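Worksheet: the structure to be examined is printed underneath.
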Amino acid sequence: MSPRTSRQAHVEAAAPATPTTPATPAADAFAAPLLAWFDVHGRHDLPWQHPRTPYRVWLSEIMLQQTQVRVAIPYFERFVAALPTVAALAAAPLDDVLGLWSGLGYYARARNLHAAARTCAEAHGGELPRDFDALVALPGIGRSTAGAILAQAWGDRFAILDGNVKRVLARYHGIDGWPGQPAVEKRLWGFAQAHLPRARLADYTQAQMDLGATLCTRHAPACTACPLRPGCVAYAQGRTGELPTPKPGKALPTREATLLLLRDAEGRVLLQRRPPAGVWAQLWSLPEADGEAAARAWFGDHIDGDYAHGEALDSIAHVFSHYRFNMHPRRWRAVATAAAVRDNDDLRWVPRDALAGLGIPAPVRTLVEAQFEQDQEKQP
DNA sequence: AATCCGGGGGT
DNA sequence: ACCCCAGGATT
């Protein structure tokens with residue numbers, strides 16, 4: 001297998017000059033019901049479908065990269081009205097193109113579109129080439145977009161793999177793993193190609209995207225209306241809610257804090273009420289300081305004792321939705337609050353039997369209760 | 001293969 | 001503030 005073939009999205013050695021194919025649609029349980037559904041429920045009045053020229057298909061595919069259909073439609077109509085052909089686009093100043101793109105975002109798409117049009121004008125007779133490799137060589141066109149253009153504009157037998165198709169295939173085949181992961185994406189491409197029908201490639205391509213956009217949605221898919229339900233692994237296993245596997249969350253930022261675990265002569269623990277806003281708002285917790293210096297300062301303000309007598313305990317990691325909280329507890333025994341500091345609404349010495357009645361963050365409660373357990377072991 | 005890039009819209 | 005969306009380019 002040549003490198004060229006292995007990189008290709010198509011499954012035939014060469015695309016047929018005309019899309020005419022024997023009227024024996026593949027018996028694939030995927031494509032056939034999907035096409036039948038598309039005939040009745042698919043989207044047939046999108047602006048780039050009438051007329052469905054290569055240039056309009058290309059423009060729509062670029063506009064729809066990372067952009068929702070509803071958002072792209074008015075931009076598409078404005079754009080093709082101003083620049084109706086590849087030649088017109090190639091001849092236009094870049095500033096005009098960017099002006100037509102203004103508000104759509106991802107402006108590199110517009111710059112690439114313009115550059116690609118000029119390449120077409122110079123190297124492809126002023127038209128978009130009907131060739132997979134030539135398309136992929138143009139800026140802004142990758143494997144999926146090239147396949148979409150060839151299939152939709154000419155009915156050539158190429159697969160696509162956009163966000164919609166990834167979602168549909170991941171569910172239909174019960175594929176675990178984030179689709180952006182190369183190994184997962186490779187499997188998805190394999191299925192995308194295996195399901196290609198022998199005819200109606202333009203409709204089939206649109207049908208996949210319509211299914212993903214209207215039924216097999218990210219949240220609350222309409223499985224009861226889905227033509228692919230009979231063969232859908234995720235549906236059979238009740239896993240439509242967990243497939244496709246979501247993108248792994250990026251590394252959470254971390255925050256470090258020192259916790260002061262203070263015991264008095266009676267063994268009570270000093271607890272402090274947390275501020276009214278923020279995490280663990282208004283719960284009782286250990287006095288907390290941002291770092292050693294702040295801990296030392298708080299100790300000096302509130303406690304009679306020697307800070308250096310504190311012993312470092314094992315750190316505690318707690319993960320919030322938006323950051324990782326690393327707590328570094330430090331323990332003192334038999335200390336007292338300074339004369340000026342008295343129990344109040346926000347700071348008090350708490351005996352063991354009063355812990356249960358207080359709102360205390362779970363990791364802090366675990367830490368404090370472990371202290372009392374240690375007391376018992378030492379003097380049963 | 002992993003990372004970066006990009007901007008509007010919805011939550 | 002965060003995630004999603006008809007991905008591609010770069011390293």
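As the structure is a prediction and not an experimental result, all values here were calculated from the model. Chain naming here is simple, since letters A, B, ... match the order of the sequence lines and numbering starts at 1 in each.
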| note | Taken to the nearest whole Å, CH2/A/Trp189 to C1'/C/dG8 is 12 Å
| request: Determine the contact category for A/Thr145: base if any of its heavy atoms lies under 4.0 Å from a base atom, sugar-phosphate if only primed atoms, P, OP1 or OP2 are that close, otherwise nothing. | output: sugar-phosphate
| request: Quickly work out the A/Arg167 CZ to C/dA6 C1' distance and round it to whole Å. | output: 10 Å
| Value in whole Å for how far the P atom of C/dC4 lies from CG of A/Asp162 | 16 Å
| said: Does A/Val69 reach a base, just sugar-phosphate, or nothing at all? Heavy atoms under 4.0 Å. | reply: base
| Taking the P atom of each, how far is B/dC5 from C/dC5, in whole Å? | 22 Å
| task | Specify the separation, in whole Å, of atom CG of A/Leu135 and atom C1' of C/dG8. | result | 14 Å
| Start at the 5' end of DNA chain C and walk down; is the nucleotide closest to A/Gly163 or to A/His219 reached first? | A/His219
| query | With sugar-phosphate meaning primed atoms plus P, OP1 and OP2, does A/Arg109 contact a base, only sugar-phosphate, or nothing at under 4.0 Å between heavy atoms? | reply | nothing
| task | Please report, rounded to the nearest Å, how far the P atom of C/dC5 is from the CD atom of A/Gln66. | result | 9 Å
| request: Give A/Ile62 one of three labels, base, sugar-phosphate or nothing, depending on what nucleic acid heavy atoms sit under 4.0 Å from its own. | output: nothing
| said: Would you measure the distance from the P atom in C/dG8 across to the matching atom in B/dG9 and give it in whole Å? | reply: 22 Å
| Gap between atoms CD and C1', on A/Gln208 and C/dA6 respectively (whole Å) | 11 Å
| request: Specify whether A/Phe132 and A/Phe158 have parallel, tilted or perpendicular ring planes, treating 30° as the upper limit for parallel and 60° as the lower limit for perpendicular. | output: parallel
| When Watson-Crick pairs (N1 to N3 and N6-O4 or O6-N4) and G-U wobble pairs (N1-O2 and O6-N3) count only below 3.5 Å on both distances, what is the dot-bracket string of DNA chain B, with | for other-strand pairs? | |||||.|||||
| message | Tell me whether A/Arg263 forms a cation-pi arrangement with A/Phe372, defined as NZ or CZ under 6.0 Å from the six-membered ring centre and within 45 degrees of its axis. | response | yes
| field | By side-chain contact (heavy atoms from CB on, under 4.5 Å) - contacts of A/Ser60 (at least two apart) | value | A/Trp48, A/Leu64, A/Phe76
| Evaluation steps, salt bridge (Lys or Arg N to Asp or Glu O under 4.0 Å), between A/Glu369 and A/Arg352 | CA-CA 8 Å; A/Glu369 289 188 342; A/Arg352 178 179 193 178; over 6 Å; no
| said: Would A/Arg52 pass as a cation-pi partner of A/Trp154, given that its NZ or CZ must be under 6.0 Å from the six-membered ring centre and within 45 degrees of the axis? | reply: no
| task | Count the heavy atoms of every other residue, nucleotide or ligand shown that sit under 6.0 Å from CG of A/Asn344, and state whether that count exceeds 12. | result | yes
| A/Phe76 CZ to C/dA6 P, straight-line distance once rounded to whole Å | 17 Å
| First and last nucleotide of DNA chain B touching chain A, 5' to 3', heavy-atom cut-off 4.0 Å? | B/dA1 to B/dG10
| said: Treating A/Thr67 as the side-chain partner and A/Gln65 as the backbone partner, does any N or O pair qualify as donor plus acceptor under 3.5 Å? | reply: yes
| request: Have a look at A/Gly212 and say if it touches a base, only the backbone sugar-phosphate, or nothing, with a 4.0 Å heavy-atom cut-off. | output: nothing
| said: Within the 4.0 Å heavy-atom criterion, would you say A/Gln65 contacts the bases, only the backbone, or no part of the nucleic acid? | reply: sugar-phosphate
| field | Parallel, tilted or perpendicular, as decided by the 30° and 60° cut-offs, for the rings of A/Tyr55 and A/Trp58 | value | perpendicular
| request: Just call it for A/Ile149: base, sugar-phosphate, or nothing, with non-hydrogen atoms closer than 4.0 Å on any strand. | output: nothing
| field | Criterion side chain to side chain contact (heavy atoms under 4.5 Å, CB included) on A/Asp176 and A/Arg239, from CA distance to verdict | value | CA-CA 10 Å; A/Asp176 284 291; A/Arg239 300 184 65 210; 2.5 Å; yes
| Do A/Phe30 and A/Ile175 sit in the same hydrophobic cluster, where Ile, Leu, Val, Met, Phe, Trp and Tyr count as joined when their side-chain heavy atoms come under 4.5 Å apart? | yes
| request: For A/Ala213 and for A/Gly140, find the nucleotide of DNA chain C with the closest heavy atom, then tell me which residue's nucleotide is more 5'. | output: A/Ala213
| task | Please tell me which of the listed nucleotides, C/dA6, C/dC5, C/dG8, lies nearest to the side chain of A/Ser144? | result | C/dG8
| Sidechain-backbone polar pair: A/Tyr107 side chain, A/Gly103 backbone, donor-acceptor under 3.5 Å | yes
| Over how many whole Å does the gap from A/Asn112 atom CG to C/dT10 atom P extend? | 8 Å
| said: Is it the case that C/dA6 (base atoms only) and A/Arg43 (side chain only) share a donor and an acceptor within less than 3.5 Å, ignoring hydrogens and angles? | reply: yes
| task | Using the C1' atom as the reference point in each nucleotide, state the distance between B/dG6 and C/dC4 in Å, no decimals. | result | 14 Å
| task | Check every strand shown and say whether A/Trp101 touches a base, only sugar-phosphate, or nothing at a heavy-atom separation below 4.0 Å. | result | nothing
